[in-house]
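Everything below concerns the one structure shown next.
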Number of protein chains: 2
Amino acid sequence: MTHDDALATPTENDEPAAPMRRRKAHIRESNEAHLVACAEAVFAERGLAGASTAMIAERAGLPKANLHYYFPTKLDLYRRVLEDLFEDWYRAADTFECSDDPVEAIGGYVRAKMALSQRRPLGSKVWANEIIHGAEHMQDILTQRVKPWLDSRVVVIESWVSRGLLAPVEPQTFMFMIWAITQHYADFDAQICALRGEREISRRAFDDVTEEVVALVIRACGARSP
Amino acid sequence: MTHDDALATPTENDEPAAPMRRRKAHIRESNEAHLVACAEAVFAERGLAGASTAMIAERAGLPKANLHYYFPTKLDLYRRVLEDLFEDWYRAADTFECSDDPVEAIGGYVRAKMALSQRRPLGSKVWANEIIHGAEHMQDILTQRVKPWLDSRVVVIESWVSRGLLAPVEPQTFMFMIWAITQHYADFDAQICALRGEREISRRAFDDVTEEVVALVIRACGARSP
DNA sequence: GTCTATAGACGGATAGAC
DNA sequence: GTCTATCCGTCTATAGAC
(Lines give C-alpha, C1' and ligand atoms only; values in the text may rest on other atoms or scores of the structure.)
Protein backbone atom coordinates (compact mmCIF):
# COMPACT_ATOMS: atom_id res chain seq x y z
CA MET A 1 0.00 0.00 0.00
CA THR A 2 2.93 2.37 -0.64
CA HIS A 3 0.72 4.25 -3.06
CA ASP A 4 -1.34 5.81 -0.31
CA ASP A 5 1.71 7.90 0.53
CA ALA A 6 1.20 9.90 -2.65
CA LEU A 7 -2.31 10.75 -1.52
CA ALA A 8 -1.36 11.42 2.10
CA THR A 9 1.56 13.73 1.29
CA PRO A 10 0.60 17.18 -0.07
CA THR A 11 2.60 17.37 -3.32
CA GLU A 12 0.15 19.37 -5.43
CA ASN A 13 2.78 21.74 -6.85
CA ASP A 14 5.62 19.27 -6.95
CA GLU A 15 6.48 19.27 -10.67
CA PRO A 16 8.14 15.84 -11.06
CA ALA A 17 5.74 14.06 -8.71
CA ALA A 18 2.58 14.64 -10.71
CA PRO A 19 3.65 12.93 -13.98
CA MET A 20 5.19 10.12 -11.94
CA ARG A 21 1.90 9.66 -10.15
CA ARG A 22 0.11 9.59 -13.46
CA ARG A 23 2.52 7.06 -14.92
CA LYS A 24 2.17 4.80 -11.90
CA ALA A 25 -1.59 5.20 -11.98
CA HIS A 26 -1.55 4.11 -15.61
CA ILE A 27 0.49 1.02 -14.85
CA ARG A 28 -1.90 0.09 -12.09
CA GLU A 29 -4.91 0.68 -14.30
CA SER A 30 -3.68 -1.44 -17.17
CA ASN A 31 -2.44 -4.27 -14.95
CA GLU A 32 -5.70 -4.36 -13.05
CA ALA A 33 -7.76 -4.42 -16.24
CA HIS A 34 -5.62 -7.22 -17.64
CA LEU A 35 -5.95 -9.24 -14.44
CA VAL A 36 -9.72 -8.74 -14.35
CA ALA A 37 -10.01 -10.01 -17.95
CA CYS A 38 -7.89 -13.08 -17.24
CA ALA A 39 -9.71 -13.72 -13.98
CA GLU A 40 -13.06 -13.66 -15.78
CA ALA A 41 -11.90 -16.48 -18.04
CA VAL A 42 -10.53 -18.64 -15.23
CA PHE A 43 -13.55 -18.05 -12.97
CA ALA A 44 -15.80 -18.99 -15.90
CA GLU A 45 -13.91 -22.21 -16.55
CA ARG A 46 -13.43 -23.34 -12.96
CA GLY A 47 -15.70 -21.37 -10.63
CA LEU A 48 -14.66 -19.24 -7.66
CA ALA A 49 -13.43 -22.15 -5.55
CA GLY A 50 -11.88 -24.04 -8.47
CA ALA A 51 -9.94 -21.06 -9.77
CA SER A 52 -6.56 -20.51 -8.15
CA THR A 53 -4.74 -17.20 -8.02
CA ALA A 54 -1.75 -19.04 -9.49
CA MET A 55 -3.76 -19.96 -12.62
CA ILE A 56 -5.03 -16.41 -13.04
CA ALA A 57 -1.56 -14.94 -12.59
CA GLU A 58 -0.08 -17.42 -15.04
CA ARG A 59 -2.69 -16.58 -17.67
CA ALA A 60 -1.93 -12.91 -17.12
CA GLY A 61 1.80 -13.59 -17.47
CA LEU A 62 2.55 -12.23 -14.00
CA PRO A 63 3.94 -13.73 -10.80
CA LYS A 64 1.28 -14.65 -8.28
CA ALA A 65 2.60 -12.07 -5.84
CA ASN A 66 1.78 -9.26 -8.28
CA LEU A 67 -1.82 -10.36 -8.41
CA HIS A 68 -1.98 -10.10 -4.61
CA TYR A 69 -0.31 -6.71 -4.81
CA TYR A 70 -3.18 -5.35 -6.93
CA PHE A 71 -5.96 -7.45 -5.40
CA PRO A 72 -5.12 -8.37 -1.80
CA THR A 73 -7.49 -11.34 -1.78
CA LYS A 74 -9.00 -13.61 -4.41
CA LEU A 75 -12.42 -12.37 -3.36
CA ASP A 76 -11.47 -8.74 -4.08
CA LEU A 77 -10.60 -9.74 -7.64
CA TYR A 78 -13.78 -11.77 -7.97
CA ARG A 79 -15.90 -8.83 -6.80
CA ARG A 80 -14.27 -6.59 -9.41
CA VAL A 81 -15.15 -9.09 -12.13
CA LEU A 82 -18.79 -9.12 -11.00
CA GLU A 83 -18.98 -5.31 -10.89
CA ASP A 84 -17.43 -5.10 -14.34
CA LEU A 85 -20.00 -7.57 -15.64
CA PHE A 86 -22.88 -5.63 -14.17
CA GLU A 87 -21.77 -2.48 -16.01
CA ASP A 88 -21.91 -4.35 -19.31
CA TRP A 89 -25.27 -5.90 -18.45
CA TYR A 90 -26.61 -2.46 -17.59
CA ARG A 91 -25.55 -1.01 -20.95
CA ALA A 92 -27.45 -3.76 -22.77
CA ALA A 93 -30.43 -3.05 -20.53
CA ASP A 94 -30.62 0.52 -21.85
CA THR A 95 -31.86 -0.84 -25.17
CA PHE A 96 -35.22 -1.41 -23.54
CA GLU A 97 -35.92 2.33 -23.26
CA CYS A 98 -35.49 3.34 -26.89
CA SER A 99 -39.05 2.91 -28.06
CA ASP A 100 -42.66 2.99 -26.93
CA ASP A 101 -43.42 0.29 -29.49
CA PRO A 102 -43.29 -3.05 -27.63
CA VAL A 103 -42.27 -5.01 -30.74
CA GLU A 104 -39.29 -2.69 -31.24
CA ALA A 105 -38.38 -2.34 -27.56
CA ILE A 106 -38.63 -6.03 -26.66
CA GLY A 107 -37.12 -7.24 -29.94
CA GLY A 108 -34.24 -4.81 -29.52
CA TYR A 109 -33.64 -5.90 -25.94
CA VAL A 110 -33.59 -9.58 -26.86
CA ARG A 111 -31.12 -8.85 -29.67
CA ALA A 112 -28.92 -6.86 -27.29
CA LYS A 113 -28.95 -9.65 -24.72
CA MET A 114 -28.15 -12.27 -27.36
CA ALA A 115 -25.31 -10.09 -28.65
CA LEU A 116 -23.96 -9.84 -25.11
CA SER A 117 -24.12 -13.64 -24.74
CA GLN A 118 -22.17 -13.95 -27.98
CA ARG A 119 -19.64 -11.23 -27.19
CA ARG A 120 -18.92 -12.12 -23.57
CA PRO A 121 -20.02 -15.68 -22.83
CA LEU A 122 -17.39 -16.16 -20.12
CA GLY A 123 -18.79 -13.23 -18.17
CA SER A 124 -22.28 -14.64 -18.37
CA LYS A 125 -20.96 -17.91 -16.96
CA VAL A 126 -19.33 -16.19 -14.00
CA TRP A 127 -22.60 -14.43 -13.27
CA ALA A 128 -24.62 -17.62 -13.57
CA ASN A 129 -22.19 -19.51 -11.39
CA GLU A 130 -22.41 -16.87 -8.68
CA ILE A 131 -26.23 -16.94 -8.68
CA ILE A 132 -26.38 -20.74 -8.68
CA HIS A 133 -24.21 -20.84 -5.57
CA GLY A 134 -26.46 -18.45 -3.69
CA ALA A 135 -25.35 -15.02 -4.95
CA GLU A 136 -23.72 -14.27 -1.59
CA HIS A 137 -21.15 -11.97 -3.20
CA MET A 138 -23.63 -9.90 -5.19
CA GLN A 139 -26.67 -9.35 -3.03
CA ASP A 140 -25.95 -5.62 -3.15
CA ILE A 141 -25.76 -5.55 -6.95
CA LEU A 142 -29.04 -7.44 -7.23
CA THR A 143 -31.06 -5.43 -4.73
CA GLN A 144 -29.56 -1.97 -5.29
CA ARG A 145 -28.90 -2.02 -9.03
CA VAL A 146 -30.79 -4.79 -10.85
CA LYS A 147 -34.04 -4.66 -8.86
CA PRO A 148 -34.75 -0.93 -9.44
CA TRP A 149 -34.18 -1.41 -13.16
CA LEU A 150 -36.48 -4.45 -13.26
CA ASP A 151 -39.20 -2.63 -11.30
CA SER A 152 -39.13 0.23 -13.79
CA ARG A 153 -39.51 -2.22 -16.72
CA VAL A 154 -42.42 -3.93 -14.99
CA VAL A 155 -44.27 -0.59 -15.02
CA VAL A 156 -43.64 -0.16 -18.76
CA ILE A 157 -44.84 -3.69 -19.52
CA GLU A 158 -47.97 -3.18 -17.43
CA SER A 159 -48.76 -0.03 -19.37
CA TRP A 160 -48.40 -1.92 -22.66
CA VAL A 161 -50.73 -4.62 -21.37
CA SER A 162 -53.32 -2.10 -20.20
CA ARG A 163 -53.19 -0.40 -23.62
CA GLY A 164 -53.78 -3.74 -25.34
CA LEU A 165 -50.37 -3.80 -27.01
CA LEU A 166 -49.35 -6.98 -25.14
CA ALA A 167 -51.14 -10.14 -24.03
CA PRO A 168 -51.87 -10.09 -20.27
CA VAL A 169 -48.45 -11.43 -19.25
CA GLU A 170 -47.09 -11.37 -15.71
CA PRO A 171 -44.24 -8.85 -16.28
CA GLN A 172 -41.62 -10.44 -13.99
CA THR A 173 -42.15 -13.95 -15.34
CA PHE A 174 -41.86 -12.56 -18.85
CA MET A 175 -38.61 -10.75 -18.08
CA PHE A 176 -37.18 -13.88 -16.44
CA MET A 177 -38.04 -15.78 -19.60
CA ILE A 178 -36.05 -13.33 -21.71
CA TRP A 179 -33.07 -13.56 -19.37
CA ALA A 180 -33.26 -17.34 -19.16
CA ILE A 181 -33.32 -18.00 -22.87
CA THR A 182 -30.78 -15.37 -23.93
CA GLN A 183 -28.26 -16.31 -21.23
CA HIS A 184 -28.81 -20.00 -21.95
CA TYR A 185 -26.89 -19.54 -25.21
CA ALA A 186 -23.83 -18.33 -23.28
CA ASP A 187 -24.03 -20.46 -20.13
CA PHE A 188 -25.04 -23.78 -21.70
CA ASP A 189 -22.99 -23.58 -24.88
CA ALA A 190 -21.24 -26.86 -24.02
CA GLN A 191 -24.60 -28.66 -23.95
CA ILE A 192 -25.83 -26.93 -27.10
CA CYS A 193 -22.69 -27.89 -29.00
CA ALA A 194 -22.88 -31.50 -27.79
CA LEU A 195 -26.54 -31.78 -28.82
CA ARG A 196 -25.99 -30.13 -32.19
CA GLY A 197 -22.95 -32.32 -32.75
CA GLU A 198 -20.76 -29.31 -33.45
CA ARG A 199 -17.57 -28.05 -31.87
CA GLU A 200 -18.85 -24.49 -31.64
CA ILE A 201 -21.73 -22.34 -32.78
CA SER A 202 -20.83 -20.39 -35.92
CA ARG A 203 -21.45 -16.67 -36.12
CA ARG A 204 -23.99 -17.29 -38.84
CA ALA A 205 -25.87 -19.93 -36.81
CA PHE A 206 -25.92 -17.61 -33.82
CA ASP A 207 -27.51 -14.84 -35.88
CA ASP A 208 -30.18 -17.26 -37.11
CA VAL A 209 -30.88 -18.42 -33.57
CA THR A 210 -31.14 -14.80 -32.45
CA GLU A 211 -33.93 -14.05 -34.91
CA GLU A 212 -35.70 -17.28 -34.00
CA VAL A 213 -35.53 -16.34 -30.31
CA VAL A 214 -36.86 -12.85 -31.07
CA ALA A 215 -39.80 -14.42 -32.93
CA LEU A 216 -40.54 -16.81 -30.04
CA VAL A 217 -40.42 -14.03 -27.45
CA ILE A 218 -42.59 -11.66 -29.47
CA ARG A 219 -45.20 -14.36 -30.01
CA ALA A 220 -45.00 -15.37 -26.33
CA CYS A 221 -46.03 -11.89 -25.18
CA GLY A 222 -48.35 -11.25 -28.12
CA ALA A 223 -46.75 -7.86 -28.83
CA ARG A 224 -48.18 -5.63 -31.57
CA SER A 225 -47.18 -2.13 -32.63
CA PRO A 226 -49.37 0.77 -31.44
CA MET B 1 -12.66 -54.22 -2.13
CA THR B 2 -13.11 -57.26 0.14
CA HIS B 3 -16.62 -57.68 -1.28
CA ASP B 4 -15.40 -58.98 -4.59
CA ASP B 5 -14.38 -62.13 -2.72
CA ALA B 6 -18.03 -63.02 -2.27
CA LEU B 7 -18.50 -62.89 -6.03
CA ALA B 8 -15.26 -64.67 -6.83
CA THR B 9 -15.85 -67.55 -4.43
CA PRO B 10 -18.56 -70.03 -5.47
CA THR B 11 -20.81 -70.15 -2.37
CA GLU B 12 -24.17 -70.66 -4.06
CA ASN B 13 -25.42 -73.30 -1.63
CA ASP B 14 -23.67 -71.98 1.43
CA GLU B 15 -26.64 -71.33 3.72
CA PRO B 16 -25.23 -68.62 6.03
CA ALA B 17 -23.31 -66.82 3.28
CA ALA B 18 -26.27 -65.80 1.13
CA PRO B 19 -28.24 -63.81 3.75
CA MET B 20 -25.00 -62.23 4.88
CA ARG B 21 -24.28 -61.15 1.35
CA ARG B 22 -27.75 -59.68 1.07
CA ARG B 23 -27.42 -57.85 4.37
CA LYS B 24 -24.08 -56.39 3.38
CA ALA B 25 -25.41 -55.46 -0.04
CA HIS B 26 -28.26 -53.64 1.65
CA ILE B 27 -25.90 -51.70 3.89
CA ARG B 28 -23.86 -50.68 0.88
CA GLU B 29 -26.95 -49.69 -1.08
CA SER B 30 -28.43 -47.51 1.64
CA ASN B 31 -25.12 -45.85 2.53
CA GLU B 32 -24.38 -45.11 -1.11
CA ALA B 33 -27.82 -43.62 -1.68
CA HIS B 34 -27.48 -41.46 1.42
CA LEU B 35 -24.05 -40.25 0.36
CA VAL B 36 -25.28 -39.45 -3.15
CA ALA B 37 -28.14 -37.38 -1.72
CA CYS B 38 -25.84 -35.45 0.61
CA ALA B 39 -23.28 -35.00 -2.14
CA GLU B 40 -25.93 -33.50 -4.42
CA ALA B 41 -26.63 -30.80 -1.85
CA VAL B 42 -22.99 -29.94 -1.23
CA PHE B 43 -22.08 -29.97 -4.94
CA ALA B 44 -25.06 -27.67 -5.58
CA GLU B 45 -23.99 -25.22 -2.90
CA ARG B 46 -20.25 -25.17 -3.63
CA GLY B 47 -19.54 -26.72 -7.01
CA LEU B 48 -17.31 -29.71 -7.74
CA ALA B 49 -14.06 -27.95 -6.80
CA GLY B 50 -15.56 -26.11 -3.83
CA ALA B 51 -17.13 -29.18 -2.29
CA SER B 52 -14.85 -31.22 -0.04
CA THR B 53 -15.31 -34.87 0.76
CA ALA B 54 -15.11 -33.87 4.43
CA MET B 55 -18.20 -31.64 4.08
CA ILE B 56 -20.15 -34.34 2.29
CA ALA B 57 -19.19 -36.96 4.87
CA GLU B 58 -20.09 -34.64 7.73
CA ARG B 59 -23.51 -33.93 6.23
CA ALA B 60 -24.02 -37.65 5.84
CA GLY B 61 -22.99 -38.22 9.48
CA LEU B 62 -20.13 -40.50 8.47
CA PRO B 63 -16.35 -40.35 8.83
CA LYS B 64 -14.62 -39.17 5.70
CA ALA B 65 -12.87 -42.51 5.31
CA ASN B 66 -16.22 -44.27 4.87
CA LEU B 67 -17.06 -42.02 1.95
CA HIS B 68 -13.83 -43.06 0.26
CA TYR B 69 -14.62 -46.67 1.04
CA TYR B 70 -17.83 -46.46 -1.01
CA PHE B 71 -16.62 -43.96 -3.61
CA PRO B 72 -12.84 -44.21 -4.06
CA THR B 73 -12.54 -40.70 -5.48
CA LYS B 74 -14.59 -37.51 -5.27
CA LEU B 75 -15.10 -37.72 -9.02
CA ASP B 76 -16.66 -41.19 -8.74
CA LEU B 77 -19.24 -39.77 -6.34
CA TYR B 78 -19.82 -36.76 -8.57
CA ARG B 79 -20.41 -38.99 -11.58
CA ARG B 80 -22.98 -40.99 -9.64
CA VAL B 81 -24.84 -37.78 -8.77
CA LEU B 82 -24.92 -36.79 -12.44
CA GLU B 83 -26.18 -40.22 -13.54
CA ASP B 84 -28.85 -40.15 -10.84
CA LEU B 85 -29.96 -36.72 -12.06
CA PHE B 86 -30.20 -37.87 -15.64
CA GLU B 87 -32.55 -40.70 -14.64
CA ASP B 88 -34.91 -38.20 -13.04
CA TRP B 89 -34.64 -35.85 -16.01
CA TYR B 90 -35.47 -38.73 -18.31
CA ARG B 91 -38.60 -39.66 -16.37
CA ALA B 92 -39.89 -36.06 -16.71
CA ALA B 93 -39.04 -36.24 -20.42
CA ASP B 94 -41.48 -39.12 -20.88
CA THR B 95 -44.37 -36.70 -20.36
CA PHE B 96 -43.76 -35.45 -23.86
CA GLU B 97 -44.99 -38.67 -25.44
CA CYS B 98 -48.41 -38.90 -23.85
CA SER B 99 -50.41 -37.05 -26.45
CA ASP B 100 -50.54 -36.17 -30.12
CA ASP B 101 -52.16 -32.86 -29.18
CA PRO B 102 -49.32 -30.28 -29.04
CA VAL B 103 -51.11 -28.13 -26.46
CA GLU B 104 -51.42 -31.11 -24.14
CA ALA B 105 -47.99 -32.59 -24.86
CA ILE B 106 -46.02 -29.35 -24.61
CA GLY B 107 -48.05 -27.99 -21.70
CA GLY B 108 -47.61 -31.28 -19.86
CA TYR B 109 -43.89 -31.33 -20.48
CA VAL B 110 -43.46 -27.76 -19.24
CA ARG B 111 -45.43 -28.61 -16.09
CA ALA B 112 -43.32 -31.72 -15.54
CA LYS B 113 -40.09 -29.74 -15.93
CA MET B 114 -41.32 -27.00 -13.58
CA ALA B 115 -42.32 -29.66 -11.05
CA LEU B 116 -38.84 -31.16 -11.31
CA SER B 117 -37.29 -27.72 -10.72
CA GLN B 118 -39.46 -27.35 -7.63
CA ARG B 119 -38.89 -30.86 -6.31
CA ARG B 120 -35.16 -31.13 -6.92
CA PRO B 121 -33.65 -27.65 -7.37
CA LEU B 122 -30.27 -28.74 -6.00
CA GLY B 123 -29.94 -31.39 -8.66
CA SER B 124 -30.71 -28.87 -11.37
CA LYS B 125 -27.94 -26.67 -10.01
CA VAL B 126 -25.39 -29.47 -10.11
CA TRP B 127 -26.35 -30.15 -13.72
CA ALA B 128 -26.16 -26.47 -14.66
CA ASN B 129 -22.82 -26.08 -12.93
CA GLU B 130 -21.38 -29.03 -14.79
CA ILE B 131 -22.52 -27.67 -18.17
CA ILE B 132 -21.28 -24.17 -17.43
CA HIS B 133 -17.82 -25.50 -16.71
CA GLY B 134 -17.64 -27.34 -19.98
CA ALA B 135 -19.57 -30.58 -19.30
CA GLU B 136 -16.34 -32.57 -19.34
CA HIS B 137 -17.75 -35.18 -16.95
CA MET B 138 -21.00 -35.78 -18.85
CA GLN B 139 -20.18 -35.74 -22.54
CA ASP B 140 -21.32 -39.37 -22.69
CA ILE B 141 -24.67 -38.64 -21.05
CA LEU B 142 -25.29 -35.72 -23.42
CA THR B 143 -24.37 -37.45 -26.65
CA GLN B 144 -25.56 -40.99 -25.90
CA ARG B 145 -28.67 -40.31 -23.83
CA VAL B 146 -29.94 -36.74 -24.15
CA LYS B 147 -29.22 -36.23 -27.85
CA PRO B 148 -31.21 -39.26 -29.11
CA TRP B 149 -34.17 -38.15 -27.03
CA LEU B 150 -33.95 -34.58 -28.34
CA ASP B 151 -33.66 -35.77 -31.94
CA SER B 152 -36.81 -37.84 -31.55
CA ARG B 153 -38.71 -34.82 -30.17
CA VAL B 154 -37.51 -32.66 -33.06
CA VAL B 155 -39.24 -35.08 -35.45
CA VAL B 156 -42.50 -34.84 -33.52
CA ILE B 157 -42.36 -31.03 -33.47
CA GLU B 158 -41.63 -30.92 -37.20
CA SER B 159 -44.67 -33.08 -37.87
CA TRP B 160 -46.86 -30.74 -35.82
CA VAL B 161 -45.50 -27.78 -37.78
CA SER B 162 -46.12 -29.47 -41.12
CA ARG B 163 -49.71 -30.29 -40.05
CA GLY B 164 -50.28 -26.63 -39.13
CA LEU B 165 -50.69 -27.35 -35.42
CA LEU B 166 -47.65 -25.23 -34.53
CA ALA B 167 -46.16 -21.99 -35.85
CA PRO B 168 -43.05 -22.64 -37.98
CA VAL B 169 -40.63 -22.82 -35.05
CA GLU B 170 -37.08 -24.14 -35.23
CA PRO B 171 -37.55 -27.26 -33.06
CA GLN B 172 -34.17 -27.22 -31.26
CA THR B 173 -34.37 -23.53 -30.40
CA PHE B 174 -37.87 -24.09 -29.08
CA MET B 175 -36.79 -27.02 -26.89
CA PHE B 176 -33.85 -25.02 -25.56
CA MET B 177 -36.29 -22.26 -24.64
CA ILE B 178 -38.37 -24.69 -22.60
CA TRP B 179 -35.28 -26.02 -20.82
CA ALA B 180 -33.88 -22.56 -20.20
CA ILE B 181 -36.99 -21.08 -18.63
CA THR B 182 -38.03 -24.10 -16.56
CA GLN B 183 -34.54 -24.70 -15.18
CA HIS B 184 -34.11 -20.97 -14.54
CA TYR B 185 -36.57 -21.30 -11.65
CA ALA B 186 -34.32 -23.87 -9.97
CA ASP B 187 -30.87 -22.57 -10.90
CA PHE B 188 -31.46 -18.85 -10.43
CA ASP B 189 -33.73 -18.98 -7.39
CA ALA B 190 -31.32 -16.78 -5.42
CA GLN B 191 -31.68 -14.02 -8.03
CA ILE B 192 -35.45 -14.46 -8.28
CA CYS B 193 -35.85 -14.20 -4.51
CA ALA B 194 -33.60 -11.12 -4.33
CA LEU B 195 -35.55 -9.39 -7.10
CA ARG B 196 -38.95 -10.32 -5.67
CA GLY B 197 -37.77 -9.18 -2.23
CA GLU B 198 -38.73 -12.52 -0.69
CA ARG B 199 -36.76 -15.11 1.23
CA GLU B 200 -38.17 -17.99 -0.81
CA ILE B 201 -40.78 -18.73 -3.42
CA SER B 202 -43.95 -20.10 -1.84
CA ARG B 203 -45.57 -23.24 -3.17
CA ARG B 204 -48.56 -21.18 -4.21
CA ALA B 205 -46.45 -18.61 -6.06
CA PHE B 206 -44.58 -21.41 -7.83
CA ASP B 207 -47.84 -22.93 -9.06
CA ASP B 208 -48.95 -19.53 -10.40
CA VAL B 209 -45.61 -19.07 -12.17
CA THR B 210 -45.91 -22.54 -13.66
CA GLU B 211 -49.21 -21.73 -15.34
CA GLU B 212 -47.86 -18.39 -16.53
CA VAL B 213 -44.83 -20.15 -18.05
CA VAL B 214 -47.10 -22.71 -19.74
CA ALA B 215 -49.14 -19.86 -21.26
CA LEU B 216 -45.99 -18.09 -22.51
CA VAL B 217 -44.57 -21.26 -24.06
CA ILE B 218 -47.84 -22.25 -25.74
CA ARG B 219 -48.21 -18.75 -27.23
CA ALA B 220 -44.55 -18.75 -28.27
CA CYS B 221 -45.01 -21.85 -30.44
CA GLY B 222 -48.55 -20.99 -31.49
CA ALA B 223 -49.84 -24.46 -30.57
CA ARG B 224 -53.46 -25.37 -31.26
CA SER B 225 -55.30 -28.65 -30.74
CA PRO B 226 -55.91 -30.82 -33.83
C1' DG C 1 -17.79 -52.39 7.30
C1' DT C 2 -16.04 -48.53 10.56
C1' DC C 3 -12.91 -45.25 12.20
C1' DT C 4 -8.47 -42.56 13.71
C1' DA C 5 -4.46 -40.73 12.19
C1' DT C 6 -1.67 -39.05 8.74
C1' DA C 7 0.80 -38.75 4.35
C1' DG C 8 1.44 -35.81 0.50
C1' DA C 9 -0.07 -32.17 -2.61
C1' DC C 10 -1.84 -27.71 -3.34
C1' DG C 11 -3.59 -23.08 -2.53
C1' DG C 12 -3.92 -18.30 -0.47
C1' DA C 13 -1.35 -15.00 1.25
C1' DT C 14 3.03 -12.55 2.82
C1' DA C 15 8.01 -11.32 3.78
C1' DG C 16 11.51 -9.00 2.15
C1' DA C 17 15.20 -8.30 -1.47
C1' DC C 18 15.52 -5.61 -5.63
C1' DG D 1 6.10 -1.77 -8.89
C1' DT D 2 8.32 -6.66 -9.39
C1' DC D 3 9.59 -11.10 -7.96
C1' DT D 4 11.49 -15.38 -5.21
C1' DA D 5 10.91 -18.07 -1.42
C1' DT D 6 8.05 -19.64 2.03
C1' DC D 7 4.53 -20.00 5.82
C1' DC D 8 0.47 -22.21 7.07
C1' DG D 9 -3.88 -24.04 6.34
C1' DT D 10 -6.86 -27.24 3.79
C1' DC D 11 -7.76 -30.95 0.80
C1' DT D 12 -7.81 -35.79 -1.25
C1' DA D 13 -6.75 -40.12 -0.37
C1' DT D 14 -4.88 -44.06 2.28
C1' DA D 15 -2.80 -47.01 6.03
C1' DG D 16 -3.93 -49.89 9.39
C1' DA D 17 -6.26 -50.96 13.98
C1' DC D 18 -10.77 -52.59 15.35
Side-chain angles (χ1 to χ4, degrees), chain A residues 1-7 9 16-36 38-39 42-43 45-81 137, chain B residues 1-7 9 16-17 19-35 38-39 42-43 45-81 137:
Chain A
M1 305 300 171
T2 52
H3 289 260
D4 290 344
D5 302 3
L7 294 169
T9 323
M20 165 76 93
R21 222 156 56 220
R22 245 174 292 144
R23 187 156 59 248
K24 283 201 175 176
H26 177 261
I27 289 175
R28 169 169 283 270
E29 213 172 314
S30 95
N31 276 340
E32 285 188 359
H34 185 221
L35 279 166
V36 167
C38 294
V42 179
F43 285 136
E45 284 164 15
R46 323 265 314 211
L48 171 57
S52 74
T53 52
M55 284 177 206
I56 297 169
E58 190 189 9
R59 182 170 307 214
L62 292 170
K64 190 172 57 159
N66 289 30
L67 181 153
H68 282 101
Y69 170 71
Y70 289 109
F71 299 94
T73 72
K74 183 165 80 161
L75 212 53
D76 291 333
L77 177 52
Y78 184 66
R79 274 285 315 193
R80 267 288 279 281
V81 172
H137 306 299
Chain B
M1 306 300 170
T2 52
H3 289 259
D4 291 357
D5 302 1
L7 293 170
T9 322
M20 165 77 93
R21 220 158 56 220
R22 244 174 292 145
R23 187 156 59 247
K24 284 201 175 179
H26 177 261
I27 288 175
R28 170 169 281 271
E29 211 172 315
S30 95
N31 276 341
E32 284 188 359
H34 186 221
L35 279 166
C38 294
V42 179
F43 285 135
E45 284 164 13
R46 322 264 313 213
L48 171 58
S52 73
T53 52
M55 284 178 206
I56 296 169
E58 190 188 10
R59 181 170 308 214
L62 292 172
K64 192 176 53 162
N66 288 30
L67 181 152
H68 282 100
Y69 171 70
Y70 289 108
F71 299 94
T73 71
K74 182 165 80 162
L75 212 54
D76 291 333
L77 178 51
Y78 184 66
R79 273 285 316 194
R80 267 288 278 281
V81 171
H137 306 299

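Throughout, protein chains are lettered first and strands after them, A, B, ... in sequence-line order, and every chain is numbered starting at 1.
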Between [N] atom [atom2] and [X] atom [atom1], what is the distance in whole Å?
X	N	atom1	atom2	value
B:Arg28	C:dT2	CZ	P	10 Å
B:Lys64	C:dG1	NZ	P	21 Å
A:Leu67	D:dC3	CG	C1'	13 Å
B:Asn66	D:dT14	CG	C1'	13 Å
B:Glu32	C:dG1	CD	P	9 Å
B:Lys74	C:dC10	NZ	C1'	12 Å
B:His68	C:dG8	NE2	C1'	14 Å
B:Tyr69	D:dG16	OH	P	18 Å

Please examine the side chains of A:His68 and A:Lys64, heavy atoms only from C-beta on, and report whether any two atoms are closer than 4.5 Å.
yes
Shortest side-chain distance from [X], nucleotide among [options]:
X	options	value
B:Thr73	D:dT12, D:dA13, C:dA15	D:dA13
B:Tyr70	D:dT12, C:dG1, D:dC3	C:dG1
A:Leu62	D:dC3, C:dC3, D:dC11	D:dC3
A:Pro63	D:dC3, D:dT2, C:dG1	D:dC3
A:Ile27	D:dT12, D:dA15, D:dT2	D:dT2

Can you tell me if A:Thr53 touches the phosphate of C:dG11, counting only side-chain N or O atoms and a distance under 4.0 Å to OP1 or OP2?
no
Base, sugar-phosphate, or nothing: which does A:Ala49 touch, judged by heavy atoms less than 4.0 Å apart?
nothing
Against the six-membered ring of B:Phe71, is B:Arg79 placed for a cation-pi contact (under 6.0 Å from the centre, within 45° of the normal)?
no
Just to verify, which of A:Leu67, A:Val42, A:Leu77 counts as forming a side chain to side chain contact (heavy atoms under 4.5 Å, CB included) with A:Thr53?
A:Leu67
With a 3.5 Å distance limit and no angle check, can you tell me whether A:Asn31 reaches the backbone of A:Arg28 through a side-chain donor-acceptor pair?
no
Does A:Glu32 form a salt bridge (Lys or Arg N to Asp or Glu O under 4.0 Å) with A:Arg80? I'd like the steps, not just the answer.
CA-CA 10 Å; A:Glu32 285 188 359; A:Arg80 267 288 279 281; 3.1 Å; yes
